[in-house]
2 protein chains.
Amino acid sequence: MASTSDDAVLDRADVLCRARGVKLTAQRRRVLAILCASPRPLGAYEILDAMREGTRTLAPPTVYRALDFLLEQGLVHKLESLHAFVGCSHPEHPHSSQFLICKTCGAVAEIEDEAIARSLGSAASMSGFQPQRRVVEVIGTCAGCAQKGR
Amino acid sequence: MASTSDDAVLDRADVLCRARGVKLTAQRRRVLAILCASPRPLGAYEILDAMREGTRTLAPPTVYRALDFLLEQGLVHKLESLHAFVGCSHPEHPHSSQFLICKTCGAVAEIEDEAIARSLGSAASMSGFQPQRRVVEVIGTCAGCAQKGR
DNA sequence: AAACAGTCGGATACAGTATAACGTCTCGCG
DNA sequence: CGCGAGACGTTATACTGTATCCGACTGTTT
Ligand SMILES: [Zn+2]
Ligand SMILES: [Zn+2]
Ligand SMILES: [Zn+2]
Ligand SMILES: [Zn+2]
């Protein structure tokens, strides 16, 4: 993330949670803020370190609980191939997106491609399979790094 | 896996490795055999336990080294969302497949869907992204379990 | 035969990721 | 006020994966 206005994202998250009758508590908001401020995905322990800035004493479960909540609410995504988390770029509507992960610079692009979703869905239904969660992560080199690297 | 003839898979793997000038050693063959005999993906430590059957004393690096080799040779795949491994169902030709993972019975189907591959490729090239590895895992309910569950 | 290089794998220790279990505090409600 | 639910602190522990060092074996060179 690290968008032009992270505060806006946080405020939108606030509104979303209120509308859903769930609480974006201080800890949860803090985790979301840290993720949104990072240009690359963060591991749970990196988030933990970031939250400890300023002599706070926190343990892993605190972070994992906040992450569980944010994942449930679709405010963050987990990148399985990296064991890391990113803020969602468009949490307003429920979605299942795909990720392009640059192994050179670490940047991650979240895309929402209709064609991928369709082909995934039809492959599943051909097998009589009922999808619940989709993990689609492409690891490679982003446009910027490909330029430099040549 | 747990196909009709696991030995056949092993023998084919042998031939493949010989053709490539690499060695399918006893340990590697053993890991592959264990994976092929299992109806569901196995974690590294489950493989380790299986290999210890009969008072053998083995440490994690042994299994991870064998898995690294088998992954490089395309004889097994890693399921990132499960931290587990499966034998490949068609290792003869290099491929990048997709997985349907039933969270009820634990069974995994490896599919190779041209449409998914195409849509993934075109989404990447639209972003100028150069894919190297593709992780596509759909978690849900398989046809069999959906039947029973209703 | 002796020396050597390369690969495989045994063994110990450790790093990184995630959760179980239990206690406390607070808030909203009857 | 007394109660129940949810959030969070705290400790300990489980699970997943690596770094490192060393010894055994194989095939090659001299
Ligand atoms: Zn998203
Ligand atoms: Zn890049
Ligand atoms: Zn395969
Ligand atoms: Zn099933």
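Everything quoted here is computed from the prediction, not taken from an experiment. Residue numbering restarts at 1 for every chain, and letters A, B, ... go by the order of the sequence lines.
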SB check Glu80(B) Arg133(B) (cutoff 4.0 Å): yes
Sequence-aligned protein contact record of nucleotides 12-24 of chain C, with B where the base is within under 4.0 Å of a protein heavy atom and S where only the sugar-phosphate is: B----BBBBB---
Shortest non-hydrogen separation from Glu112(B) to His90(B) and the atoms involved: OE1-NE2, 2.7 Å
Close residues, residues 11-30 of chain B, relative to DNA chain C [heavy-atom separation under 4.0 Å]: Thr25(B), Gln27(B), Arg28(B)
Pairwise side-chain contact, Gln98(B) with Val138(B), heavy-atom cut-off 4.5 Å (strictly under): no
Linked, directly or transitively: Leu75(A) and Ile47(A) (ILVMFWY side chains, under 4.5 Å): yes
Arg20(A) (side chain) donor-acceptor with Gln73(A) (main chain) under 3.5 angstrom: yes
Chain A footprint on DNA chain D, 5' to 3' - any atom under 4.0 Å from a heavy atom: dA7(D) to dT11(D)
His77(B) and Phe99(B) aromatic centres sub-6.0 Å: yes
Donor-acceptor contact present, side-chain Arg28(B) to main-chain Phe69(B), <3.5 Å: no
Length of the CG-P vector between Leu58(B) and dA11(C), whole Å: 8 Å
Salt-bridge criterion met for Asp113(A) and Arg118(A) (N-O under 4.0 Å): no
Side-chain (Ser38(B)) to main-chain (Leu35(B)) donor-acceptor, under 3.5 angstrom: no
Separation of Thr141(B) OG1 from Gln130(A) CD (nearest 0.5 Å): 5.5 Å
